[in-house]
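The structure appears below as structure tokens.
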Amino acid sequence: MLDSLLTLPNHLFETPIAAIALTLLAFFAGNQVFQWIGRPSWCPGILIAALIVVLTLVLLSVNYEVYQQGAAWLVLLLGPATVALGIPLYQQMHHIRALWKPILFTLPPAAILAAVYSVLLAWLAGATPEVMASLAPKSVTAPIAISITEQLGGSIPVLMGGLLITGVMATFWVSVLVKILNIQDHRVIGFALGINGHAIGTVRAFELSPTAGAFSSLGMGLTAVFTALFLPIAWRLVF
Amino acid sequence: MQVIKGFLILLLFLLSGDVLVTLLNLPISAGVAGMLLITLWFMLRGRMQEDVALASQPLIAVLAMLIMPGVVGVFFVAGRYADQWLAFVAALVVGTFLSVLTTLILMSRFTPKESVKDKDRSC
């Protein structure tokens, strides 16, 4: 009886059902905890959900690889979900048409420099090629960043850690620099949050104002599209 | 039924994206190619399809859940990269500072002033 109880977790994780259920459960529980602690911008709900999964796996002594194989059935939906991002992109089209000039002059250099700064600094600090490939798309929204890092040969867990820290740091630096540079235009602040801080920055932008939120979504979407096209091509030329 | 039809259209665009990147040997992913193709399709038609929008809403709503298993991995692999901590601090803290600074300066420089638009209106 006790023996079968001890091996029960590993038996349940033999099919993907347990991993999928655990992922869904942690997602809802993580959101709940996130609401309770007052939606802090330094600790996204997804981080709490991930910690719940980690604790559960450790307590049940289930291997991460076993969980990952099961959860892969769910992660498969990331493909159609990425295609679905074309819908908000299409809905933003009127903003893009109205402001194509400032967008053309700022977005490509900003998105290129975001990747160049991180790769260059990581290289100077002695990072391996795998780590550089994982950190290059650090300003891109997660579903697209994952596909970029796969193209470059990076590690998805390292990328995810980098994305979370980048989102939190971008929100912090925007709030500091906006005061120093005396910028009050919410279109500029929102755009900077979206380009550098992807979804985490966009959440902060929507707290500032709907205008900042709309421009943050736009900055996030365009950075993702532009980086997905430019980074793998540039990578192929350099490495 | 409409949601399933919308989901099928998303899958067809994902597969078209895959065909495109495979045949042309493009370095971008099938998902990103599919996203661009569907946006282009809407632009050509001048409107979105109701069923695609219906299928997209729940998928976009659970995006955070779909990337969460990747975040779980961070805690299991972190030890392997401990010797490169300086690279992470440099890229994530200093790199993000520099890119935020660049964006704010470029954007302030090139965005037309809101007040100018207001003046135009009052004329």
Side-chain angles (χ1 to χ4, degrees), chain A residues 23 27 46 49-50 53-54 64 71 75 77-87 89-90 102 105-106 109-110 113-114 117-118 121-122 125-127 131 135 142-144 147 151 156-157 160-162 165-166 169-170 173-174 177 181 183 185 187-188 191-192 195-196 228-229 232-233 236, chain B residues 7 10-11 13-14 17 27-32 34-36 38-39 42-43 48 52-53 55-56 59-60 63-78 81 84 86-88 90-108 110-112 114:
Chain A
T23 309
F27 176 65
I46 178 179
V53 174
V54 172
Y64 166 62
V75 175
L77 284 175
L78 210 50
T82 306
V83 179
L85 289 173
I87 281 87
L89 186 65
Y90 173 72
F105 283 123
T106 45
L113 285 172
Y117 287 144
S118 62
L121 287 165
V131 167
L135 293 180
I144 295 176
S147 66
Q151 300 285 336
I156 290 174
M160 296 310 296
I165 299 172
T166 301
M169 287 317 298
W173 287 125
V174 167
L177 287 170
L181 299 171
I183 295 171
D185 191 335
R187 298 174 303 172
V188 174
F191 213 58
I195 290 179
N196 298 291
L229 297 175
I233 295 169
R236 208 186 253 181
Chain B
F7 188 68
L10 289 177
L11 291 183
F13 271 98
L14 180 60
I28 62 171
S29 78
V32 172
M35 174 185 74
L36 295 176
I38 206 168
T39 310
F42 291 151
M43 284 168 75
M48 284 193 306
V52 178
S56 298
L59 277 175
I60 293 174
L63 264 179
M65 187 186 73
L66 299 181
I67 60 176
M68 202 262 283
V71 181
V72 173
V74 177
F75 298 91
F76 292 94
V77 303
Y81 298 91
Q84 296 186 60
L86 187 65
F88 287 97
L92 299 176
V93 181
V94 184
T96 306
F97 167 79
L98 289 174
S99 67
V100 167
L101 184 68
T102 313
T103 317
L104 285 173
I105 291 172
L106 281 174
M107 200 58 195
S108 306
F110 288 110
T111 307
E114 278 175 310

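Just so we're clear, the structure is a prediction, and the values are computed from it rather than from any experiment. Letters A, B, ... mirror the listed sequences (proteins, then strands); counts begin at 1.
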Open item on the list: Is B/V77 in contact with chain A via its backbone, its side chain, both, or neither, using a 4.5 Å heavy-atom distance?
Closed with: side chain
Task: Engaged part of A/L135 at the chain B interface, taking heavy atoms whose separation is under 4.5 Å - done: side chain
Open item on the list: Given heavy-atom pairs under 4.5 angstrom as the criterion, report whether the side chain, backbone, both or neither of B/A64 touches chain A.
Closed with: both
Task: Most contacts with chain A, counted as non-hydrogen pairs under 4.5 angstrom, among B/L92, B/I38, B/L86 - done: B/L92
Task: Any donor-acceptor N or O pair under 3.5 Å, side chains A/Y117, B/T102 - done: yes
Open item on the list: With a 4.5 angstrom heavy-atom cut-off, is it the side chain or the backbone of A/L78 that approaches chain B, or both, or neither?
Closed with: both
Open item on the list: Test your reading of the model: is there a side-chain donor-acceptor pair from A/W173 to the backbone of B/V93, 3.5 Å cut-off?
Closed with: yes
Task: Greatest number of heavy atom pairs closer than 4.5 Å to chain B - which of A/L89, A/I165, A/V174, A/V131 - done: A/V131
TODO: Name the option with the most non-hydrogen atom pairs under 4.5 Å to chain A; the candidates are B/A30, B/G31, B/A55, B/G34.
DONE: B/G31
Task: Side chain / backbone / both / neither for B/Y81 at chain A, heavy atoms under 4.5 Å - done: side chain
Task: Proximal component of B/F97, with respect to chain A [non-hydrogen, under 4.5 Å] - done: both
Open item on the list: Do A/L77 and B/F7 make a side-chain contact, defined as non-hydrogen atoms from C-beta onward lying under 4.5 Å apart?
Closed with: yes
- [ ] Quick one: which of B/T103, B/L11, B/V52, B/I105 has the most heavy-atom pairs under 4.5 Å with chain A, could you say?
- [x] B/T103
Task: Heavy-atom contact with chain B under 4.5 Å, split by part of A/I233 - done: both
Task: Note, A/I144 side chain near B/M35 side chain (heavy atom, < 4.5 Å) - done: yes
Open item on the list: Tell me which of these, A/A125, A/A71, A/P109, has more heavy-atom pairs under 4.5 Å with chain B than the rest.
Closed with: A/A125
Open item on the list: Return the OG1 to CG distance between A/T23 and B/L66, rounded to the nearest 0.5 Å.
Closed with: 9.5 Å
Task: Minimum side-chain heavy-atom gap B/L14-A/V83 below 4.5 Å - done: yes
Task: Most chain B-contacting option - heavy-atom pairs closer than 4.5 Å, from A/S147, A/P157, A/G162, A/A127 - done: A/P157
Task: Pair A/N196-B/T96, side-chain hydrogen bond (donor to acceptor under 3.5 Å, both in side chains): steps then yes or no - done: CA-CA 7 Å; A/N196 298 291; B/T96 306; over 6 Å; no
Open item on the list: I'd like to verify something: which residue of A/L113, A/I156, A/L229 has the highest number of heavy-atom pairs under 4.5 Å with chain B?
Closed with: A/L229
Task: Partner chain B: residue of A/S118, A/P80, A/A110 with the largest heavy-atom pair count (under 4.5 Å) - done: A/P80
Task: chain B contact via A/L85 - side chain, backbone, both or neither, heavy atoms under 4.5 Å - done: both
